[in-house]
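Because the structure is predicted, anything quoted here is derived from the model rather than measured.
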Amino acid sequence: MSSSRAKIKVLSPANSSYNFEQGLLEGIRKGLDEPVSPFGSPLSSLTSSAVSSRSASPTAPVSTSTTPSAAPEQYPAPKEEVTLTRKQKLKIRNKEKSKRRREKDRLASTEHSVKPNRAAKHLKNTGKVSATFEGETFPISKKGWISRRSKGSRSSVSLADVVGPNSKYNLELRKWNGRTTMVIVDRKRRIIAVCLGKPENDETWEDTHRRAAEVLESARDRLYFQDKDLNHRRGGFPALAVGISHGGGQKYPKVLDQDKRNEEVFEEILENKAFQRISGFTSGAFAEWAPRLYEYENKCLSDIIEHDETIRRENRHPRPEEKELRRNWPRTPWAATTFNFGPKTVCRRHLDFNNLAFGWCGITALGNYDPTKGGHLILWQLGLVIEFPPGTTILIPSAAIEHSNVRIRGNERRYSVTQYSSGGIFRYVHNGFKTVDSRMGELDSDELADHLDELSRQLEFGLSLYSDVAELEKARGVSFKE
């Protein structure tokens, strides 16, 4: 049998004298001698021309360009090391230590400290609205701490209902751009409400309040509401409260009950940076405009939380399985917060009579609506209708002055956040962390008479915590505009 062989064409090298093995070894040796860049590749000399000629041998291409090689990259010379003296090193260490201590104290603090220079700057361009209302007419109850109940209203109103020639109420419209602060004073020039201007020179604030509105809009579909949360005396919109409350027959202050399915959503809301900023701004403004009232409310909240911690530590809490008392945000002076989830948060005329009778609450408006057409805050006893732009906050004594909103238009959305404290918390602290019945049962006839006399003068005490115009003008060296 004969076998057939395939014909193989043998290619001869173009340069028959070229030693392939020797060329390979030289190439490897050259690569090892090349400098290596910080990015892991050889720093080879590159020419400005891409034209090259092929050698007859399989050696690397050689450039035929006459352009000189690019100069190696020049790195800055290392800075000359500065030798510090022992005294200088100690000074730097102490400075860093002080900075860390101040930051630690700031984070641990539960109160705002007002800096006079900053406060004076905030107060400098403030406008003033004078009302004929007198603080002495606050409807405080005979037992103190909370206000007398009011019927309120079952319907909302339009702007034309409350202002203008055809209005049956004939209230005064106050335009407010939401950028500068405007205070409202009573007949005795006592500051009873403050329309807070937005944080000065803060270009991020618009984004902050828009994100807050988006969070509430998104949360509404994830939350579980009962019928009482959807239609209540303040309006026909979904609303839920978080925080600490005391009243309605409670034996001691507790964390407000929540549907367990809502707890995770509320944790997300409370931890959201937008709401933390809103809380911080509102609390700081409260401390600036009514420092004594702020201190009173903040201290009471601190006392109630500290008492809860103490009785738990000493195993004296009646139900230790209940949630521990805590602030919604680190330095808020308010015990509770109500989130109004819209999409059309328009309050009816009402009085928050269970709040501290002379206390302030902070109302922050959010959403997308024209504040010249709707969403105004109506302060009924003051006879004022105030434009209330999205992203702004107004401080009012919500248990003393009936308030509501003007209806917004059909395609608009409005939400709000209200921070406040129930009067029952202050009564509980004042009674030595006891209920009214327990406290009264300990008093003899003379002590009871003194206690009732003190309650009769409680409004006088509450109003003494308010600031007046002359006091702040003198303290801050400013003059408010009429």
Side-chain angles (χ1 to χ4, degrees), residues 110-111 133-150 186-192 244-254 286-287 290-312 314 316-318 325 333-336 351-361 381 396-401 420-468 471:
T110 58
E111 64 180 27
F133 179 82
E134 293 184 0
E136 285 76 10
T137 63
F138 282 1
I140 191 168
S141 70
K142 291 182 178 180
K143 293 183 179 180
W145 311 110
I146 61 175
S147 294
R148 298 190 298 272
R149 290 178 176 268
S150 68
D186 69 359
R187 190 187 294 273
K188 294 186 176 181
R189 292 171 59 82
R190 185 187 292 124
I191 298 173
I192 56 175
I244 305 169
S245 186
H246 183 52
Q250 290 179 208
K251 299 297 184 182
Y252 50 87
K254 300 180 180 181
F286 186 8
R292 289 186 297 275
L293 183 60
Y294 166 85
E295 184 179 359
Y296 174 74
E297 292 198 31
N298 191 61
K299 184 179 184 305
C300 183
L301 181 57
S302 296
D303 289 346
I304 209 75
I305 293 173
E306 184 179 345
H307 177 71
D308 180 70
E309 293 172 349
T310 299
I311 61 176
R312 287 176 185 276
E314 297 176 354
R316 293 188 291 113
H317 196 286
L325 304 186
W334 290 292
L351 194 69
D352 297 309
F353 45 78
N354 282 326
N355 292 353
L356 179 63
F358 48 84
W360 279 7
C361 79
Q381 280 74 23
I396 66 170
S398 61
I401 298 175
Y420 56 93
S421 293
S422 67
I425 291 176
F426 299 85
R427 179 177 57 215
Y428 185 77
V429 172
H430 184 77
N431 287 336
F433 305 104
K434 299 174 183 176
T435 63
V436 174
D437 292 340
S438 297
R439 176 60 175 156
M440 293 294 189
E442 297 174 346
L443 304 178
D444 59 30
S445 57
D446 291 337
E447 291 171 332
L448 180 59
D450 291 340
H451 181 74
L452 295 176
D453 179 62
E454 184 182 12
L455 289 179
S456 69
R457 293 182 284 105
Q458 191 183 84
L459 180 56
E460 179 183 348
F461 162 74
L463 293 176
S464 73
L465 301 177
Y466 282 45
S467 303
D468 62 44
E471 173 190 359

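Just one residue in the list Arg292, Lys188, Arg190 forms a salt bridge (charged side-chain N to carboxylate O under 4.0 Å, His left out) with Glu471, and that residue is Arg292.
Counting heavy-atom neighbours within 6.0 Å of Glu306 CD, excluding the residue itself, gives a total of 12 or less. At most 12 non-hydrogen atoms from other residues, nucleotides or ligands lie less than 6.0 angstrom from CD of Glu460.
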Chi angles and distances behind the side-chain contact (heavy atoms from CB on, under 4.5 Å) call for Asn431, Val436: CA-CA 7 Å; Asn431 287 336; Val436 174; 4.0 Å; yes

How far apart are the C-alpha atoms of Arg427 and Arg439, what are their side-chain angles, what is the distance that settles it, and do they pass the side-chain contact (heavy atoms from CB on, under 4.5 Å) test? CA-CA 10 Å; Arg427 179 177 57 215; Arg439 176 60 175 156; over 6 Å; no

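Ion pairing between a basic and an acidic side chain is recognised when a charged N comes within 4.0 Å of a carboxylate O; Arg187 and Glu136 show no such pairing.
Across all non-hydrogen atoms, the minimal contact from Ser421 to Glu297 is OG-OE1, 4.2 Å. Shortest non-hydrogen contact noted between Glu442 and Glu447 is O-OE1, 3.9 Å. Shortest non-hydrogen contact noted between Ile304 and Leu325 is O-CD1, 3.8 Å.
Using a 4.5 Å cut-off on side-chain heavy atoms (C-beta onward), Leu293 and Trp360 make contact.
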Identify each donor-acceptor pair in which a side-chain atom of residues 137-145 lies under 3.5 Å from a protein atom, sequence neighbours left out, and give them as a table.
| unit_1 | atom_1 | unit_2 | atom_2 | d |
| --- | --- | --- | --- | --- |
| Thr137 | OG1 | Glu134 | O | 2.6 |
| Ser141 | OG | Gly144 | N | 3.3 |
| Ser141 | OG | Gly144 | O | 3.3 |
| Ser141 | OG | Ile146 | O | 3.1 |

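Using a 30° and 60° split on the angle between ring planes, Tyr296 and Phe358 fall in the tilted class, from 30° to 60°.
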